[in-house]
Amino acid sequence: MSIRALRTLIAIHRYGSFRTAAEAENLTPAAVSQQMRSLEETWSLDLFERSSRTPKLTETGLALVGEAASVIAAYDGLADKVSARDELS
């Protein structure tokens with residue numbers, strides 16, 4: 001799992017397609033697919049319903065989007081917490 005993959009998952013949820021998420025995240029659609037496969041394989045979870053062409057998140061996938069948003073916010077906030085002396089404030 002990587003921060004990049006979590007950002008991509010959130011983008012898929014936001015934009016509703018792998019292609020549009022790829023454009024938003026400056027990735028290829030193949031890279032987006034690979035990242036999502038990797039997330040699913042890492043945790044042995046089904047994040048997407050595969051019955052239709054457009055990606056539809058499962059309940060588990062939706063829950064992960066919420067958790068991913070929290071992780072991303074914490075990650076992005078780290079820089080703000082480090083003072084000029086390279087210490088956590």
Side-chain angles (χ1 to χ4, degrees):
M1 175 193 63
S2 69
I3 291 293
R4 182 79 156 157
L6 295 178
R7 288 186 194 280
T8 302
L9 177 66
I10 293 167
I12 293 166
H13 180 255
R14 180 178 299 132
Y15 299 110
S17 80
F18 280 34
R19 184 186 54 78
T20 309
E23 291 171 4
E25 295 298 310
N26 296 313
L27 297 167
T28 65
V32 169
S33 292
Q34 191 279 328
Q35 286 180 5
M36 294 308 100
R37 269 193 312 274
S38 179
L39 282 179
E40 288 180 315
E41 289 172 4
T42 297
W43 290 321
S44 299
L45 297 172
D46 291 325
L47 300 177
F48 297 93
E49 292 180 14
R50 302 285 197 253
S51 60
S52 66
R53 181 139 171 90
T54 56
K56 183 174 180 195
L57 288 160
T58 61
E59 286 186 35
T60 302
L62 287 171
L64 185 56
V65 166
E67 293 298 322
S70 297
V71 169
I72 297 298
Y75 178 84
D76 288 347
L78 277 176
D80 296 335
K81 293 185 179 189
V82 177
S83 70
R85 294 176 290 156
D86 293 329
E87 297 175 8
L88 288 177
S89 54

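Values reported hereafter were calculated over all heavy atoms of this structure, with side chains retained and with hydrogens, waters and symmetry mates removed. Since the structure is predicted, the reported quantities are computational estimates derived from the model, not experimental observations.
Contacts of A69 classified as side chain to side chain contact (heavy atoms under 4.5 Å, CB included), with partners at least two apart in sequence or in another chain: I10. For the salt bridge (Lys or Arg N to Asp or Glu O under 4.0 Å) test, residues two or more places apart in sequence or in another chain that qualify with E40 are R50. Under the rule for a side chain to side chain contact (heavy atoms under 4.5 Å, CB included), D46 has no partner lying at least two apart in sequence or in another chain. For R14, there are no salt bridge (Lys or Arg N to Asp or Glu O under 4.0 Å) partners, not counting sequence neighbours. The side chain to side chain contact (heavy atoms under 4.5 Å, CB included) test applied to I3 returns R7, V71, I72, Y75, not counting sequence neighbours. Qualifying side chain to side chain contact (heavy atoms under 4.5 Å, CB included) partners for E49, counting only residues two or more places apart in sequence or in other chains: S51, K56, T58.
Hydrophobic cluster membership differs between V32 and Y15, with clusters built from Ile, Leu, Val, Met, Phe, Trp and Tyr side chains linked at under 4.5 angstrom.
With values rounded to the nearest 0.5 angstrom, L6 atom CG is found 6.0 Å from L39 atom CG. Taken to the nearest 0.5 Å, the OG1 atom of T8 stands 5.0 Å off from the CG atom of L27.
V65 has its side chain out of reach of I12: every pair of non-hydrogen atoms, C-beta onward, lies at least 4.5 Å apart.
Here the side chain of R4 pairs no donor or acceptor atom with the backbone of Q35 at under 3.5 angstrom.
Other residues, nucleotides and ligands contribute over 12 non-hydrogen atoms within 6.0 Å of the CD atom of Q34.
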Determine, stepwise, if the pair L64 / W43 fulfils side-chain contact (heavy atoms from CB on, under 4.5 Å). CA-CA 11 Å; L64 185 56; W43 290 321; 3.5 Å; yes
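Listed here is the closest heavy atom pair of A22 and P29: CB-N, 3.7 Å. Contact between P55 and S17 at its shortest, heavy atoms only, is CG-CA, 3.8 Å.
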